[in-house]
Amino acid sequence: MCATIAKNTLTNTELDELCINTIRTLSIDAVQAAKSGHPGTPMALAPLVYTIWNRVMNFDPADPIWPNRDRFVLSNGHASMLLWSALHLTKTQAVNADYERIGQPSVTLEDIRRFRQLDSKAPGHPEYHWVSGVETTTGPLGHGVATSVGMAIAEKWLAAHYNRSGFDVFDYRVYAICGDGCLMEGVAPEAASLAAHLGLDNLCWVYDNNRITIEGTTKIAFTEDVEARFLAYGWNVLRVGNANDIERIEHALNVFHKEKGRPTFIVLDSHIGYGSPNKQDTSAAHGEPLGEEEVRLTKRAYGWPEDAQFLVPDGVYNHFSMGIGTRGAKANAEWKSLFSAYRAKYPDLANEIDLMQRRELPEGWDRNLPVFPADPKGVAGRDASGKVLNVLAQNIPWFLGGSADLGPSNKTTLTYEGAGDFQADTPHGKNLHFGIREHSMGTIVNGLALSKLRPYGATFFIFSDFLRPAIRLASLMEIPSTFIFSHDAMGDGEDGPTHQPIEHLASLRAIPGLITLRPGDANEVVEAYRYVLQLRHQPAVLAFSRQPLPTLDRKKYAPASGVAKGAYVVADAPGNSPEVILIASGSELSLAIDAHEKLLAEGIRSRVVSMPSWEIFESQTQEYRDSVLPPKVTARVAVEQASTFGWERYVGTTGYIIGMKTFGASAPLKELQKKFGFEPEQVISTVKRLLPKK
Ligand SMILES: Cc1ncc(C[n+]2csc(CCOP(=O)(O)OP(=O)(O)O)c2C)c(N)n1
Ligand SMILES: [Mg+2]
């Protein structure tokens with residue numbers, strides 16, 4: 001039996017080893033019990049995680065949402081047992097969706113025994129909002145590290161905005177661990193490049209250099225000089241040649257703490273499946289249980305009782321409690337007393353921090369929102385959006401964002417005096433410049449939202465494809481990231497089919513939990529933002545037109561506040577008894593209204609339903625939905641300059657969809673509207689075809 005387990009009094013070095021081997025064996029046993037999972041990387045990185053958590057990180061297990069805690073991101077999310085072990089052994093406490101502590105541990109030993117099983121708090125990959133103490137969901141490789149850049153930007157911005165002389169209320173650091181896969185994915189280099197440009201010296205990535213991925217050695221696909229790459233980006237690059245040497249790991253982390261002006265990249269040479277006599281350094285250790293016999297041999301190699309399972313030896317909990325427990329509690333208590341002095345001196349700022357932590361908005365957050373007068377020429381969705389953004393950003397101090405090099409075009413630049421640019425030497429700026437890096441823009445926006453800011457990221461709608469994985473994760477994480485997309489359809493006609501979104505609305509509508517909104521005029525843009533800003537646990541996509549859209553006369557038509565219901569009757573037949581319903585979103589709203597007026601003149605009783613958001617509409621009562629789309633009115637026409645996919649749900653089998661079944665084309669908008677049938681005459685003739693002959 002392991003000397004350290006047999007003895008009563010252990011040296012600190014022996015206790016370190018005992019804790020590390022506990023992480024390793026919990027991981028091995030959990031994967032074995034689940035009959036699936038990834039044991040090898042936890043076995044290799046247990047010393048690293050132990051060092052970060054128990055020796056370095058400022059994290060209070062009793063209060064895992066303390067605002068100034070250091071952040072830990074496990075970007076190689078398949079190694080989730082590292083995190084479940086750490087959260088369990090540190091006795092990290094659970095919090096609920098209202099950010100209250102609920103007096104239960106975040107991850108129990110029973111959860112670990114039930115690793116990867118339904119309802120276990122030890123799921124296959126780290127899941128934010130499902131398990132307290134997880135700072136971001138990871139699993140799609142590259143995303144964790146790329147999200148950590150958003151967290152580091154958030155800390156810089158919070159410090160610049162809220163710290164005062166003698167009151168460093170924000171001074172936390174962000175630690176992220178990644179493997180070969182993360183560094184091969186394109187999103188990580190995008191984010192790494194920006195992190196260096198922004199001089200994020202509060203950010204440290206540790207690279208698990210084990211030279212193994214699923215298909216075998218990295219020699220088959222990944223042979224570049226990774227260190228040289230990070231040096232070229234402008235990172236501080238360090239190397240620790242032995243993943244078991246916790247003193248060297250701690251030393252490297254201390255070097256990171258002292259580094260100014262650059263993020264730190266630590267290359268850690270490791271052996272996947274460390275300790276397993278037959279599987280170490282092989283891809284077999286990556287993603288399958290070791291097997292019962294190999295588990296025994298490995299435990300023997302660690303000096304562990306071979307038959308013990310899920311063993312947490314005496315002294316382990318206590319050693320974590322004396323390390324991270326004591327250090328975290330002290331740091332948190334010191335911060336709390338600093339913050340109460342800060343509150344006394346700067347009550348307004350402290351109040352903002354409180355509100356932000358609960359994802360609430362300051363009083364008057366929607367004051368001065370524009371009201372657009374009726375105007376047949378109208379306003380482009382993007383222009384209306386720009387006006388709204390500039391008001392919101394002044395009303396909500398922590399509302400900020402930017403674009404992937406398209407600010408002047410999608411009108412997302414904050415232009416009011418004092419808005420400023422976020423740069424290394426101006427970290428209080430509210431305009432983020434993501435560069436042409438849409439994917440990492442998505443992850444960074446998520447990192448900012450996870451840090452409780454209200455961020456937006458923007459580009460053309462067509463390029464939403466580039467950040468779709470981040471939008472999906474925002475939805476999975478239930479965080480209020482806002483994604484703003486202009487040029488929502490064929491409005492940029494001459495740019496042609498490469499720039500004309502077709503399937504994008506359908507594909508985003510398919511993401512569970514995501515709110516998509518395509519407003520039909522300038523006042524609907526205002527109402528769309530009003531809705532989105534009140535979301536606390538859902539991300540949103542806003543799709544805005546490039547071209548001017550007529551601003552509807554709201555004295556004649558129903559008020560735009562109907563946007564808050566997802567769909568509403570904007571113009572109706574006499575006596576509110578329509579024989580046909582026209583449903584439209586975005587630029588097609590005015591088209592539908594135009595057709596409606598002409599139909600009325602011909603004695604055809606049509607109703608126009610503005611439907612900027614399917615998801616919001618779906619969340620209304622059946623009664624409301626039936627009032628907007630009465631089941632007995634089966635003659636229905638949907639008009640949307642996008643894929644017809646999915647509209648059947650609203651027009652039924654007897655209705656008709658005027659939409660796109662092909663890609664667009666390069667031509668002026670008017671010609672495209674004609675070619676693809678987005679003209680009132682087309683709507684009218686479709687209606688006439690649908691209605692029984694009188
Ligand atoms: C974007 C993405 N592509 C593919 C996968 C599937 N996958 C999970 S782990 C892995 C290999 C990762 O290798 P590495 O990062 O070196 O991890 P190690 O095995 O060394 O822990 C792959 C391809 C994934 N999770 N995410
Ligand atoms: Mg690897």
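In listed order, ligands and their atoms are each counted from 1. Quick note: residue numbers are just sequence positions, from 1.
- Between Gly275 and Ala301 the shortest heavy-atom distance is O-CB, 3.4 Å.
- Side chains of Trp235 and Trp205 form a contact here, defined as non-hydrogen atoms less than 4.5 Å apart.
- Sorted by chain and number, the protein atoms of type N, O or S within less than 2.8 Å of the Mg ion (ligand 2) are Asp180 OD2, Asn210 OD1, Ile212 O.
- Ranking protein heavy atoms by distance to atom 17 (O) of ligand 1, first place goes to His78 NE2, 3.2 Å.
- Here the rule is ring-ring contact (aromatic ring centres under 6.0 Å, His included) with Phe59, and of Trp53, Tyr175, Phe72 only Trp53 fits it.
- At a threshold of 4.0 Å, the pair Glu247-Arg55 counts as salt-bridged, since one of the basic side-chain nitrogens sits closer than that to a carboxylate oxygen.
- Among Ser75, Cys182, Gly181, the residue whose heavy atom lies closest to atom 15 (O) of ligand 1 is Gly181.
- Under a 4.0 Å N-O distance rule, the pair Arg300/Glu306 qualifies as a salt bridge.
- Residues Arg239 and Asp269 are paired through a salt bridge, judged by an N-O separation under 4.0 Å between the basic side chain and the carboxylate.
- Within ligand 1, counting atoms from 1 as listed, the ones closer than 4.0 Å to a heavy atom of Thr41 are 18 (P), 21 (O).
- Taking 4.0 Å as the cut-off, Asn210 counts as a neighbour of ligand 1 on heavy-atom distance.
- Here's the thing with Thr213: none of its N/O atoms is less than 3.5 angstrom from an N/O atom of ligand 1.
- Comparing His286, Glu215, Glu185 by heavy-atom distance to atom 9 (S) of ligand 1, the nearest is His286.
- Ring centroid separation for the pair Phe320 and Tyr317 does not come in under the 6.0 Å cut-off.
- In this structure, atom 23 (C) of ligand 1 lies nearest to the protein heavy atom Ile214 CD1, 3.7 Å.
- Close contacts of ligand 1 with Gly179, meaning ligand atoms under 4.0 Å from a residue heavy atom, involve 15 (O).
- At least one heavy atom of Pro140 sits closer than 4.0 Å to an atom of ligand 1.
- Backbone and side-chain nitrogen or oxygen atoms of Leu141 are examined, and one is located within less than 3.5 angstrom of a nitrogen or oxygen of ligand 1.
- Within ligand 1, counting atoms from 1 as listed, the ones closer than 4.0 Å to a heavy atom of Gly139 are 24 (C), 25 (N), 26 (N).
- Using a cut-off of 4.0 Å between Lys/Arg side-chain N and Asp/Glu carboxylate O, Asp307 and Arg296 are scored as salt-bridged.
- Polar contact with ligand 1: present for Ile212 (N/O pair, distance under 3.5 Å).
- Side-chain contact between Glu294 and Leu297 is present, with at least one heavy-atom pair separated by less than 4.5 Å.
- Surrounding OH of Tyr99 are more than 12 heavy atoms belonging to other residues, nucleotides or ligands, all under 6.0 Å away.
- For Arg71 and Glu155, the salt-bridge test fails: no basic side-chain N is under 4.0 Å from an acidic carboxylate O.
- The N/O atoms of Ile272, backbone and side chain alike, include none that comes under 3.5 Å of an N/O atom in ligand 1.
- Two rings, from His504 and Phe463, have their centers 6.0 Å or more apart.
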